[in-house]
Amino acid sequence: MSEKKEVPLAAAFSPADIEAPLYQKWIDAGYFKADASSTKPPFTIVIPPPNVTGVLHIGHALDHTLQDILTRMKRMKGFEALWLPGMDHAGIATQNVVEKQLAAQGLSRHDLGREKFVEKVWEWKAESGGSILDQMKRLGDSVDWSREAFTMDEGLSKAVLTIFKRLYDEGLIYRAERIINWCPRCLTALSDIEVEHSDDAGEFVQVRYGDDELSIVVATTRAETMMGDGAVAVHPEDERYKHMIGKKVLLPLVNRMIPIIADELVDPEFGTGAVKVTGAHDPNDFEMAMRHGIDMPIIMNEHAVMANSGTRFDGMDRFEARKEVVEELRKLGRIVAEKRPYVHAVGHCSRCDTTVEPRLSKQWFVKVAPLAKAAGDAVRDGRVKIEPEEMSPRYFDWIDNMHDWCISRQLWWGHRIPVYYGPNDEVVVCGPGEEPPAGYVQDSDVLDTWFSSGLWPFSTLGWPDDSADLKKFYPTSVLVTGYDILFFWVARMMMLGLFAMDGIAPFKTIALHGLVRDRFGKKMSKSRGNTVDPIEFMDKYGSDALRFTLARGANPGADQALAEEWIGGARNFATKLWNASRFAMMNGATTEGALPAFDSLGGIDKWILTRLDQTVTEVDSLLEKFEFAKACELIYHFAWDDLCDWYLELSKASFAAGGESAATSARVLGEVLDQLMRIMHPVMPFITEELWCAFTGKETLVTAEWPKPNSGNSDESSIALVAQVQNLVTEIRRFRNDQGIKTSAKVAAKFIGLDTAALATYESALRQVCRLEEMTGGASARIEVGNVTIEFDLTGAVDVDAERARLTKDLATAEKDRQTAKVKLDNEGFMAKAPMEVVQEIRARLTETTADIERITAALAALPANK
RNA sequence: GGAUCGUUGGCUCAGCGGUAGAGCACCACAUUGACAUUGUGGGGGUCACUGGUUCGAUCCCAGUACGGUCCA
């Protein structure tokens, strides 16, 4: 018997005890710091910057886990790996938070004034911003903290000024009076994507415009805006209205005469086929009004309160005014029809959910056409790949039809627009370090947050300076993010990156993942009450368990469901690894010394090394393809099934025997464990580091070498051999189970035919695993598995009924299988057209099942006919 | 309304032209010195429907139904 060794691992795995110290160790050692002067090839990921106001939610946990897997793998593969962390200043969100605090003291930002308010926001950031950064440490993110960036940092602000000026100088930024999305609560313009559409219950009324002379019925969901009408529009080919085109009609309530115009935009099928044209308060109407030179009176103020309409409705909120206007029209007998509720899509502010008000105002825009064209082409001609590819139509669909981008925001927190106005409306744009002429006044607006985050992949690397980081790490290797911000962020980085970096796209690959949903696949939301807290999960099950669960669910571009028990399952997996490692170490598993020559090894050792090589090879290739779920699945089954359930069990006899065979097993087991820990490390960094260091005595797995695929230690025949052993074991266990023999009970048994099956060497392993001892007496039962017969001496009576049931079931299976094979072979078409290999396979199946049936039938007949 | 994805065991998802897989859940048995956060054995699916292509379809094609997502 070999000696059991002392093991420096706690008897039970406790993630909480190891994780924080390990992260500290990694930071202290500087493993995550990237070196721009290194000669290694670069691998770069920039983190999608979380909002400075944010806390780590489950979506971040997924996003970060995937990025960390790639970064850690590449680091082990010998790349100069840089994962760059940072945060976004999140204009509206952050301003809202601070304004709320002020409101609690009865103050508004105007009480403080711009400068003081911005100071206050910085204070808030210093005190309570960025709590997500500490949470990232819990998760194990191997980011380079020395390069942490913030979109409002000096360097990044310089990038913003630089790009603004360049775009302006090339005519790609302009100022214009347009209809924009306006949030009456945030009091700022919003870009298209900051507006979320949802089906709301509104109303749909048909109103008779005109007098006795000429009248027309218009349909609208927004009666309150009628005081701002400049015309009524109909389709030019609409026979009902053709004769009215060009005439004027009376606008009720304000008693103004407005023209009836013809425009293709009007859908004759919709409503009455006649619509009111309110240029200042509707984007479609704005287009028509522009085309026809129609007046666009503005009849609401920035709070969406009626103003300057010259009616009694002035001073009313828009929704109140809607009711009042309709009521008034009803009194006047002008309501022809009404539908209530009328469900239609209404835009809401993505920040505060207030109903967005289209508003005519002067704003700054980016002319996107040339930028979007370049961004589309980069993907079209393959310079940038979108993974999974199925997602690219969405990208094209959007970027090829993009509207000009409204970038001015009426906020105080953000990059102030670097435009200065002279006394006679002269316009000067100042780049970094430039001063406007005396007396010029800066535009009071700030830039859309996405304007600065669009520069993220290069502004964080030092652009516009020609920095060492920029040279080494740009373009970034892969962008990992949820498909939900493909438009918000990814498209903007593509546009600005290609523009700023002379046509070099900011990343080579865009790897998209999905959203985390609840256990039933439903979207998580506060209102549904089905949100989860990743921190709580890490507390309960450990970070590795959370990471493994998320990675295991991550199929490219697809959403994933998540339930707490599944994280528990991943924790169990970690525990399994812990215990397996303890067992291995007790038995002297080692990485010391050369691995014995592969050809000199026994079948089981060859088998586990072959399986290891297959697993390493496939996991490597899957991770390179962003197939995280599949890679994790392979790791899980190799570790649990192949290694723990079979190799360790089959090796116990060898360890027990001691001597040379134990030494060989110990070395092979050491090799398998070593390599397994390496391929698992990117997914479960904490436990693998803890186990591997304890086991090898080395310093760290973080920078250890990634296993080589296709090691050459591979023998296909060992797979078939162990499959035979497994089949034998399973059948014996099944027999024992059916006979009601306790797992722990030793049974006397004799193998017949192991020689011919070339399994004689494994008899002791088989006996160990199946708990069989030498049989001295006569046999009372027997089973046949392939060419091998096992005889048992059951001390008690054999349960003949159970045995008959088992055989009957086997017979039924064999007969069914034989039948399907026979049907195929009797089919002339099949015989004539199916490929040779397939026909042979089916023939073999027929032969096999026929033999099985004979054998089982004989066994059944041999059973004593009791009762 | 347009686009797009999906519909596989109780739940969540893989598979995608040659006898249906996983995790969890379920049933039975078991505390054998790595592990009850466990082990062993087991049950459970006409792969939404209807047509078509094929020797053969869960897989390819067309249509239908239902569901999701994005855009309007």
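Every chain is numbered from 1, with letters handed out A, B, ... down the list of sequences. Quick caveat, the model's predicted, so the values are computed rather than measured.
If you take atom C1' in B:G67 and the same atom in B:C29, they sit 42 Å apart, rounded to whole Å. Atom name P, nucleotides B:A25 and B:C61: the rounded distance is 37 Å, in whole Å. Across the C1' atoms, B:G44 and B:C11 are found 14 Å apart, a figure rounded to whole Å. Taking atom C1' on both B:C55 and B:G43, the two are 35 Å apart, rounded to the nearest angstrom. Taking atom C1' on both B:G1 and B:C59, the two are 32 Å apart, rounded to the nearest angstrom. Nucleotides B:C47 and B:U8 have their C1' atoms positioned 4 Å apart, rounded to a whole Å.
Contacts of A:A832 with the nucleic acid, taken as non-hydrogen atoms under 4.0 Å apart, are absent. A:N827 comes within contact range of the sugar-phosphate backbone alone, with a heavy-atom separation under 4.0 Å but no base atom that close. Among the atoms of the strands shown, only primed sugar atoms or phosphate atoms (P, OP1, OP2) are found under 4.0 Å from some heavy atom of A:R733. Here A:S581 lies out of heavy-atom contact (under 4.0 Å) with every strand. Here A:N555 lies in heavy-atom contact (under 4.0 Å) with sugar-phosphate atoms only. Residue-level contact check: A:F520 touches the backbone only, with heavy atoms under 4.0 Å from sugar-phosphate atoms and none from bases. As judged by a 4.0 angstrom heavy-atom cut-off over every strand, A:K523 is placed among residues touching the sugar-phosphate backbone only.
If you measure from atom CG of A:D641 to atom C1' of B:G23, you get 12 Å, rounded to the nearest angstrom. Summarising the geometry, the separation between CD on A:E627 and P on B:G15 is reported as 8 Å, rounded to the nearest angstrom. The separation between A:Q819 atom CD and B:U19 atom C1' is 13 Å, rounded to whole Å. Between the C1' atom of B:G56 and the NZ atom of A:K833 lies a distance of 11 Å, rounded to the nearest Å. Between the CG atom of A:L562 and the C1' atom of B:C13 there is a distance of 13 Å, given to the nearest Å. If you measure from atom CH2 of A:W566 to atom P of B:A14, you get 12 Å, rounded to the nearest angstrom. In this structure, A:I399 places its CD1 atom 21 Å from P of B:A3, rounding to the nearest Å.
Across A:R519, A:K540, A:R571, a single residue satisfies salt bridge (charged side-chain N to carboxylate O under 4.0 Å, His left out) together with A:E564, and that is A:K540.
By the 6.0 Å and 45° rule, A:R806 does not stack over the aromatic ring of A:F735.
With hydrogens and angles ignored, a donor-acceptor pair closer than 3.5 Å exists between the side chain of A:E649 and the base of B:A34. If you check distances only, the side chain of A:T575 does reach the base of B:U37 with a donor-acceptor pair under 3.5 Å. For B:U32, its base sits under 3.5 Å from the side chain of A:R771 at one donor and acceptor pair at least.
The side chain of A:K630 places no N or O atom within less than 4.0 Å of a non-bridging phosphate oxygen (OP1 or OP2) of B:A22. Between B:A34 and A:K652, a contact under 4.0 Å exists linking OP1 or OP2 to a side-chain N or O. Between A:K522 and B:G68 there is no side-chain polar atom (N or O) within less than 4.0 angstrom of OP1 or OP2. Taking 4.0 angstrom as the limit, A:R519 places none of its side-chain polar atoms (N or O) nearer than this to OP1 or OP2 of B:C11. At the phosphate of B:U19, OP1 or OP2 sits under 4.0 Å from a side-chain N or O atom of A:R845. Residue A:N572 places at least one side-chain N or O under 4.0 Å from the OP1 or OP2 atom of B:U38.
Comparing B:G42, B:G41, B:C55 against the side chain of A:F830 picks out B:C55 as the nearest. Set against B:A30, B:U38, B:C70, the side chain of A:K576 has B:U38 as its closest nucleotide. The side chain of A:V838 has B:G18 as its nearest neighbour among B:C55, B:C35, B:G18. Distance from the side chain of A:E841 is smallest to B:U19 among B:G41, B:G39, B:U19. For A:W640, the side-chain atoms get nearest to B:U38 when compared with the rest of B:C35, B:U38, B:G18. Minimum atom distance to the side chain of A:P835 is reached by B:C55, of the listed B:C55, B:U31, B:G23. When each of B:G23, B:U31, B:C55 is scored by its nearest atom to the side-chain atoms of A:K742, the top-ranked nucleotide is B:U31. Here B:U12 is the nucleotide among B:C55, B:U12, B:A34 with the atom lying nearest to any side-chain atom of A:A561. Distance from the side chain of A:R394 is smallest for B:C70 among the nucleotides B:U19, B:G23, B:C70.
Base-pair partner of B:C26: B:G42 (Watson-Crick or G-U wobble, both distances under 3.5 Å). When both distances must be under 3.5 Å, the Watson-Crick or G-U wobble mate of B:A14 does not exist. The partner of B:G6 is B:C66, by the rule that a Watson-Crick or G-U pair needs both atom distances under 3.5 Å. Pair check for B:A20 finds none; no Watson-Crick or G-U wobble contact set falls under 3.5 Å.
Both A:T849 and A:L648 lie close to RNA chain B; mapped to their nearest nucleotides by heavy-atom distance, the more 5′-ward contact belongs to A:T849. Of the two residues contacting RNA chain B, namely A:G829 and A:S744, the nearest-nucleotide position lying further toward the 5' end is that of A:S744.
With salt bridges taken as basic N to acidic carboxylate O contacts below 4.0 Å, none links A:E848 and A:R818. At a threshold of 4.0 Å, the pair A:R733-A:D738 does not count as salt-bridged, since none of the basic side-chain nitrogens sits closer than that to a carboxylate oxygen. Comment: A:E649 engages A:K652 in a salt bridge, judged by a side-chain N to carboxylate O separation of less than 4.0 angstrom.
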Report task. Show your reasoning for whether salt bridge (Lys or Arg N to Asp or Glu O under 4.0 Å) applies to A:E287 and A:R178. Result -> CA-CA 10 Å; A:E287 271 183 50; A:R178 290 280 178 82; over 6 Å; no
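Residues A:Y636 and A:D641 bring no donor and acceptor atom of their side chains to less than 3.5 Å of each other.
Within 6.0 Å of the CZ atom in A:R380, the count of heavy atoms belonging to other residues, nucleotides or ligands exceeds 12.
Relative ring orientation between A:F573 and A:F548 is described as tilted, the plane-to-plane angle lying within the 30° to 60° band.
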